[in-house]
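Below is one structure, written out as structure tokens; comments come after it.
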Amino acid sequence: MHDNGESTIDAGLPYRYTAALAGEIEQRWQDQWDVDGTFESPNPAGPLADPDRLAQLGEKLFVLDMFPYPSGAGLHVGHPLGYIGTDVYSRFKRMTGHNVLYSMGFDAFGLPAEQYAVQTGQHPAITTDANVANMRRQLRRLGLSHDRRRSISTTDPEYYRWTQWIFTQIFNSWYDSDLERARPIDELVAEFESGSRQVADGRSWSSLSEHERRNIVDGHRLAYVSEAPVNWCPGLGTVVANEEVTSDGRSDRGNFPVFKRNMRQWMMRITAYADRLIDDLDLLDWSDAIKTMQRNWIGRSHGARVNFASPAGDITVFTTRPDTLFGASFMVLAPEHPLVASLTSAEQSHAVEEYIRVAGLRSDIDRQDETREKSGVFTGSYATNPLTGDDIPVWIADYVLIGYGTGAIMAVPCGDQRDFDFARVFDLPIPAIQQPPAEWFEGHAIDPSLDTATWPEAFVGNAPYVNSSNASLSLNGVANVADGVATTNAWLEANGHGEATINYKLRDWLFSRQRYWGEPFPVVYDEHGSPHTLPDELLPVELPETDSFSPRTFDPDDEHSNPESPLDRLGDWVEVTLDLGDGPKAYRRDTNVMPQWAGSCWYEMRYLDPTNTEQFVHPEVEQYWMGPRTDLRPDHPGGVDLYVGGVEHAVLHLLYARFWHKVLFDLGHVSSKEPYARLFNQGYILANAFKDDRGIYVDAFNVEERDGAFYFDGEPVLREWGKMGKSLKNAVSPDEMYDTYGADTLRLYEMAMGPLDASRPWETRDVVGMFRFLQRLWRTMIDESTGGCLVNDDPADDETLRLLHRTIDVVRTEMDALRFNTAIAKLIELNNHVTKYVSSSGSIPREIAEPIVLMVAPLVPHVAEELWLRLGHDETITYVPFPHPNAALLVDDEVEMPVQIRGKVRARVMVPADADEALITSIVLAHPAVLAALEGADPATLKKVIVVPGRMVNLVP
RNA sequence: GCGGGCGUGGCGGAACUGGCAGACGCGCAGGAUUUAGGUUCCUGUUCUUCGGAGUGUGGGUUCGAGUCCCACCGCCCGCACCA
């Protein structure tokens, strides 16, 4: 272990910046900040209102970290990377005149907390509280400038009261697709009653029973109960959302198998918002990568729905290429398609049943293996191609998915590779309907021909149509797909065979979980089984106390097990008598809990007004912190000014939270239409992990390196990269860093090791570099043997002053752009210069020392506060204005210009900084070093002289 | 397969709209302090046969390319029979 110069104290330097001194300074200032409430930011209204203070501060800025989950293992040094970034930024912005809202709460409900509780036998409330307390301690020790009054936990009934309230708002709303927004459900009922809106099946509203009306209304709600295929995960004992299932058909948490099952569950009608969730991405300052992920997940595709007549009734397909209908030579249904049974002929029934049975056995990952040869079975029935009038065979095959589109396709083998492959395997006809260009044939080394038997693959793209006409429609001669699609769609609609439509991959959000540790639903069921939300005054519905919080889990592969919610067992809690307006009646509580994502769908707004007992957030407060910044740009959607977090929530939290926010916006509860205006994806801290020859991870801290190879206990081990964590046995705790160097050094190292958005490997041995920097910084201002301050009021020399102001200029720019690594490099350079100055003169001019302390303050706030104090100030450095560069000192009289000959630097010449091209040319061409470099070539006969003032000169002889 | 990103010293990484490649830090080497080691400080540190060469490879545009264009190789991420 390091001893950090403990002996240097013995050697007579009691005031050196050591880990011990750093620790003392840091904890003293952390206490002081708490006592003074240094980071408390004022609101314009509500319980935290302080209009006077607000008026003193400048423009508002809301900086947010992604809601952390309080893990039982405590933090490792990888966790706070983003937090340090937001803290440095927040502190910088306070010094540049902003009212910064910066806090942190805990997303403490959820599966891991419950699993941890089950493991330890402790109630999740107890373990969660302990974990939150430990995390608060570790974060406080980092010196994060959070407004502690605004810290929240999703598990606090005062918080989830509002989560439940928002649920009731969503439940009591419907989506008006004409107005393209959510509206209160009462307005829908009123429209039905007045007759301005018709019931879908044409019956009159007044003829319906109360129960029938109720079902119709419930079918419009944005939160609704439905019997639908869901993801059942026996290993977790709960259902999970589509977004929580990995591409290999397993659960995101725990990696258990997930099975598709029909079950009655709560759903959120996120699909109603599909278009706005895609379109409003354009308003967001997010990375293209994340936007693309959301677009892909929502999966909007434009096409047509087409009906094919069959003996079992119309088979509806979705296609993005209605223009290729003339080439549809067969149809394929998913094995699970509801019409399969009635389409199957007697002769084919055995084969079809067998195929369905085998397809059902196959796992999703198996079915998705593209390299597998196409399989399928003929049903024995034929459908009619509405354009050609031909009877075409109907097959079933597992390459058609029941969950996408209509679960049925028209197969156009000449224009779709999958259909082409299928047709080849089963020897089905492949009529050509486009004339591929000559290059396509050349590319495949075949002669141009419409005989598809010669084609190696389907042709996809723009090309003139052939064989594409009937009595009333002809595409022949049309040369591009867009025109073909438009013409065909018009024909389909005019002739009643289909219509243009938009299809989405996005499904509604499965919202209930059969667990204990989550928000209870504020819902009871009446004697008909209809759900009712509880009125506001009955919120929160508190999670009932119980010792049997453990959910029933099953053999992970037991597909036919059934979920059992822990709350189901609490009969006294479930059966309840309430007066919901019709007098006291018996109701049954909903025994599901909400998914972990519920609490994080709106938490940023509770930071704004955490103690408001009347509203989830005061409208004026929301408007102040999150309202649209139309002063910045006219289409600004509002929301958090800077949101920092990892990419892993691209289609989970970030999609759900946008959806909830839009509902709240539609209902008039918030002024912003998006929750997060700007998103910054931080990288991860990676660490070496080592595996022995059994493939088991070994303690990374006891691995020795010899000659480029690695050994554990004398045995060779293999090195690999991984995210830091307990499972890889490579986690470094921040506590170790606090003890060895102090929090300021840790902060500085994490910010200096690379750009914030890049992942980078942790190297404990590199940390010392930043510690040395702080030690040198301290030494330039504090006498290490006496503790005296070395600052004097003499003027600084010109060189140092110029370097200082160039540094200020760069550091301001870099910090504003979150490029802390380069800001730190400039500060080190400046300090290295000052160090030499101080070691020769024994003192430092105040006009140099103070700006340096101010510039490092956002990065290393504790040592900066301490130096600021020792420089004679008695106010916190937090709100002292960040230095401005003196423009006059940024320009030099003379600059060195490189002189290139044919692009290679051959000489350097000093020229006046404001010299124009002609002057530079004359100086350069007369300079002896240049003449020497020209090796006798005559300056007057140069082919080319390029002069970029202030940059370089390039000569071409 | 489709989409996106990235390849710079022994290592992490700098290099603004094309204009001095390798800032800053680690490590390493030498030196100072020290009984010694460690700590701390100072100097040096891309490679080199000392001519030069050099930003994954090959080509191109340009007076000039890490930066722009084309092809390829490698790594990472997302999606994946999405009709």
Among the candidates [options], find the nucleotide nearest to the side-chain atoms of [X].
X: A:Y399; options: B:A23, B:C81, B:G13; result: B:C81
X: A:M770; options: B:C79, B:A83, B:G25; result: B:G25
X: A:R776; options: B:G19, B:G25, B:C82; result: B:G25
X: A:P755; options: B:G13, B:C20, B:G27; result: B:G13
X: A:E829; options: B:C63, B:U43, B:C24; result: B:C24
X: A:R16; options: B:U40, B:C20, B:A83; result: B:U40
X: A:E896; options: B:C20, B:C63, B:A83; result: B:C20
X: A:R765; options: B:C26, B:C24, B:A83; result: B:C26
X: A:R779; options: B:C41, B:G25, B:A83; result: B:C41
X: A:Q775; options: B:C26, B:C20, B:U40; result: B:U40

In whole Å, measure the gap between the [atom1] atoms of [N] and [M] for me.
N: B:G5; M: B:A83; atom1: C1'; result: 29 Å
N: B:A71; M: B:C76; atom1: P; result: 23 Å
N: B:C70; M: B:U61; atom1: P; result: 15 Å
N: B:C68; M: B:G4; atom1: P; result: 16 Å
N: B:G74; M: B:G58; atom1: P; result: 16 Å
N: B:C20; M: B:A15; atom1: C1'; result: 11 Å
N: B:C47; M: B:G54; atom1: C1'; result: 8 Å
N: B:U57; M: B:C73; atom1: C1'; result: 7 Å

- Message: Please classify the glycosidic conformation of B:G31 as syn (within 90° of 0) or anti (everything else).
- Response: anti
- Message: If the glycosidic angle sits within 90 degrees of zero it is syn, else anti. Tell me which applies to B:G74.
- Response: anti
- Item | Ring centroid separation A:F422 to A:F330 under 6.0 Å | yes
- Message: Test salt bridge (Lys or Arg N to Asp or Glu O under 4.0 Å) on A:R295 and A:D288; report intermediate values, then the result.
- Response: CA-CA 10 Å; A:R295 283 193 195 103; A:D288 287 338; 6.0 Å; no
Could you tell me the separation between the [atom1] atom of [X] and the [atom2] atom of [N], rounded to a whole number of Å?
X: A:I396; N: B:C81; atom1: CD1; atom2: C1'; result: 16 Å
X: A:Q417; N: B:C81; atom1: CD; atom2: P; result: 15 Å
X: A:L803; N: B:A23; atom1: CG; atom2: C1'; result: 13 Å
X: A:Y404; N: B:C82; atom1: OH; atom2: C1'; result: 4 Å
X: A:D757; N: B:G13; atom1: CG; atom2: P; result: 11 Å
X: A:Y504; N: B:C79; atom1: OH; atom2: C1'; result: 19 Å
X: A:I828; N: B:C26; atom1: CD1; atom2: P; result: 8 Å

- Task: Mind telling me whether A:F771 and A:Y17 have parallel, tilted or perpendicular rings, with 30° and 60° as the class edges?
- Result: tilted
Just how far is it from atom [atom1] of [X] to atom [atom2] of [Y], taken to the nearest 0.5 Å?
X: A:R908; Y: A:Q900; atom1: CZ; atom2: CD; value: 10.0 Å
X: A:T292; Y: A:N296; atom1: OG1; atom2: CG; value: 6.5 Å
X: A:Q294; Y: A:L281; atom1: CD; atom2: CG; value: 5.5 Å
X: A:M952; Y: A:I920; atom1: CE; atom2: CD1; value: 10.5 Å

- Message: Can you work out whether A:Q900 or A:N296 has the more 5'-proximal nearest nucleotide on RNA chain B?
- Response: A:Q900
- Note on the structure: Taking for A:V956 and for A:N503 the nucleotide of RNA chain B with the nearest heavy atom, the one nearer the 5' end belongs to A:V956
N/O donor-acceptor pair, side chain [X] with base [N], under 3.5 angstrom:
X: A:N954; N: B:C63; value: yes
X: A:R951; N: B:C16; value: yes
X: A:K374; N: B:C81; value: yes

By the 4.0 Å heavy-atom rule, please label [X] as base, sugar-phosphate, or nothing.
X: A:N832; value: sugar-phosphate
X: A:M753; value: sugar-phosphate
X: A:S839; value: nothing
X: A:I946; value: base
X: A:K944; value: sugar-phosphate
X: A:R760; value: sugar-phosphate
X: A:V948; value: base

- Query: Which residues pass the side-chain contact (heavy atoms from CB on, under 4.5 Å) test with A:T822, sequence neighbours left out?
  - Reply: A:E814, A:R819
- Message: Please tell me if A:R772 has a side-chain N or O lying less than 4.0 Å from either OP1 or OP2 of B:C26.
- Response: yes
- Phosphate OP1/OP2 of B:C76: any A:S759 side-chain N/O under 4.0 Å: no
- Side chains of A:T488 and A:D323: donor-acceptor distance under 3.5 Å anywhere? no
- Message: Distance alone, cut at 3.5 Å: any donor-acceptor contact between the side chains of A:N730 and A:N688?
- Response: no
- Task: Taking the six-membered ring of A:F426 (Phe, Tyr or Trp), confirm whether the NZ or CZ of A:K374 is under 6.0 Å from its centre and within 45° of its axis.
- Result: no
- Item | Contact list for RNA chain B against residues 811-824 of chain A - heavy-atom distance below 4.0 Å | A:N821, A:T822
- Message: Would A:R806 and A:L830 count as a side chain to side chain contact (heavy atoms under 4.5 Å, CB included) here? Give the steps.
- Response: CA-CA 9 Å; A:R806 280 202 303 273; A:L830 171 63; over 6 Å; no
- Query: Do A:V460 and A:R321 come close enough that some side-chain heavy atom pair is under 4.5 Å?
  - Reply: yes
- Task: Name all stems that contain residues of RNA chain B, defined as runs of 3 or more consecutive Watson-Crick or G-U wobble pairs, both distances under 3.5 Å.
- Result: B:1-7 with B:73-79, B:10-12 with B:24-26, B:27-32 with B:40-45, B:56-60 with B:68-72
- Apply the test side-chain hydrogen bond (donor to acceptor under 3.5 Å, both in side chains) to residues A:T271 and A:D508: give CA-CA distance (whole Å), side-chain angles for both, the deciding distance (0.1 Å), then the verdict. CA-CA 6 Å; A:T271 50; A:D508 276 344; 2.6 Å; yes
